[in-house]
Amino acid sequence: ETGVTQSPTHLIKTRGQQVTLRCSSQSGHNTVSWYQQALGQGPQFIFQYYREEENGRGNFPPRFSGLQFPNYSSELNVNALELDDSALYLCASSSGGLAGNTGELFFGEGSRLTVL
Amino acid sequence: DQQVKQNSPSLSVQEGRISILNCDYTNSMFDYFLWYKKYPAEGPTFLISISSIKDKNEDGRFTVFLNKSAKHLSLHIVPSQPGDSAVYFCAASANNFNKFYFGSGTKLNVKP
């Protein structure tokens with residue numbers, strides 16, 4: 001069983017630039033959630049994708065956007081980067097849908113973004 | 001707006017003793033709670049969950065207690081082992097598994 005993988009693991013950008021982070025969900029999972037974890041804080045929900053549709057969004061501005069592909073992998077895009085966007089971005093997959101959804105999230109190791 | 005709070009940033013416990021990690025929440029609509037463990041440079045890994053229809057769930061050395069009236073849950077680890085040293089997050093969701101609110105974490109150090 002392949003776990004959740006994220007890329008890149010580390011990256012450095014400057015203010016105003018754009019970034020794309022990628023996530024491959026765990027085998028058999030059709031739901032991907034993205035979280036932002038700032039230093040010393042817990043993960044904060046950005047949004048979730050279920051079967052290629054956005055299925056809930058946290059308190060993040062529109063410059064945070066995402067995609068989910070037919071193979072359930074996902075991208076997080078952030079435009080017009082700000083210094084406060086520096087954080088660990090975590091992708092989590094789960095088995096959504098009506099039955100057998102325990103709600104458990106399986107996290108990747110994260111992508112650490114530094115904005116200078 | 002911090003709906004899930006872990007008020008102890010750190011906890012130090014002797015090997016073999018009990019570790020008790022606490023979590024408080026404010027939203028009475030939360031009905032599903034999870035605990036995650038995180039080692040440095042790794043993603044959080046699921047430990048144990050509890051639904052609001054229960055007040056206790058046990059899995060080996062780990063037990064989670066839920067007090068709905070107090071909006072409080074706790075994770076007990078007995079006996080504690082040095083390998084348990086990590087950051088522990090509690091998380092909560094309401095009505096569906098769409099969105100989880102996480103606490104800020106408690107760093108547990110189990111001393112040999």
In residues 80-89 of chain A, what donor-acceptor pairs under 3.5 Å come from side-chain atoms, sequence neighbours left out?
unit_1	atom_1	unit_2	atom_2	d
E82(A)	OE1	R63(A)	NH2	3.3
D85(A)	OD1	R63(A)	NH2	3.0
D85(A)	OD2	R63(A)	NH1	2.8
D85(A)	OD2	R63(A)	NH2	3.2
D85(A)	OD2	E82(A)	N	2.8
S86(A)	OG	L83(A)	O	3.0
S86(A)	OG	V115(A)	N	2.8
Y89(A)	OH	Q36(A)	NE2	2.9
Y89(A)	OH	D85(A)	O	2.6

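No single ILVMFWY cluster, assembled from side-chain heavy atoms under 4.5 Å apart, contains both L73(B) and I20(B). Hydrophobic clustering (ILVMFWY, side-chain heavy atoms < 4.5 Å, transitive): F46(B) and W34(A) are in distinct clusters. Connection of L76(A) to F60(A) is established within a shared hydrophobic cluster, with ILVMFWY side chains joined at heavy-atom distances below 4.5 Å, either directly or through further cluster members.
Contacts of R112(A) with chain B are absent, with no heavy-atom separation under 4.5 Å from either backbone or side chain. Heavy-atom distances place no part of Q6(A) under 4.5 Å from chain B, backbone and side chain included. No part of F47(A) comes within reach of chain B, as not one of its non-hydrogen atoms sits under 4.5 angstrom from that chain. Using a 4.5 Å cut-off between heavy atoms, A91(B) makes no contact with chain A at all.
Of all heavy-atom pairs between F89(B) and Q41(A), the closest is CE2-O, 4.0 Å. The minimum heavy-atom distance linking G108(A) with P44(B) is given by the pair O-CD, 4.5 Å.
Note: F100(B) CZ to F45(A) CZ = 10.0 Å, rounded to the nearest 0.5 Å. Here the straight-line distance linking atom NZ of K99(B) with atom CD of Q44(A) works out to 9.0 Å at 0.5 Å rounding.
Applying the side-chain contact (heavy atoms from CB on, under 4.5 Å) test between P43(A) and each of Y101(B), Y36(B), F102(B) identifies F102(B) as the sole match.
Heavy atoms from other residues, nucleotides or ligands lying under 6.0 Å from NZ of K107(B) number 12 at most. Within a 6.0 Å sphere centred on CZ of R17(B), other residues, nucleotides and ligands contribute 12 heavy atoms or fewer. Heavy-atom neighbours of N59(A) CG from other residues, nucleotides or ligands within 6.0 Å: at or below the threshold of 12.
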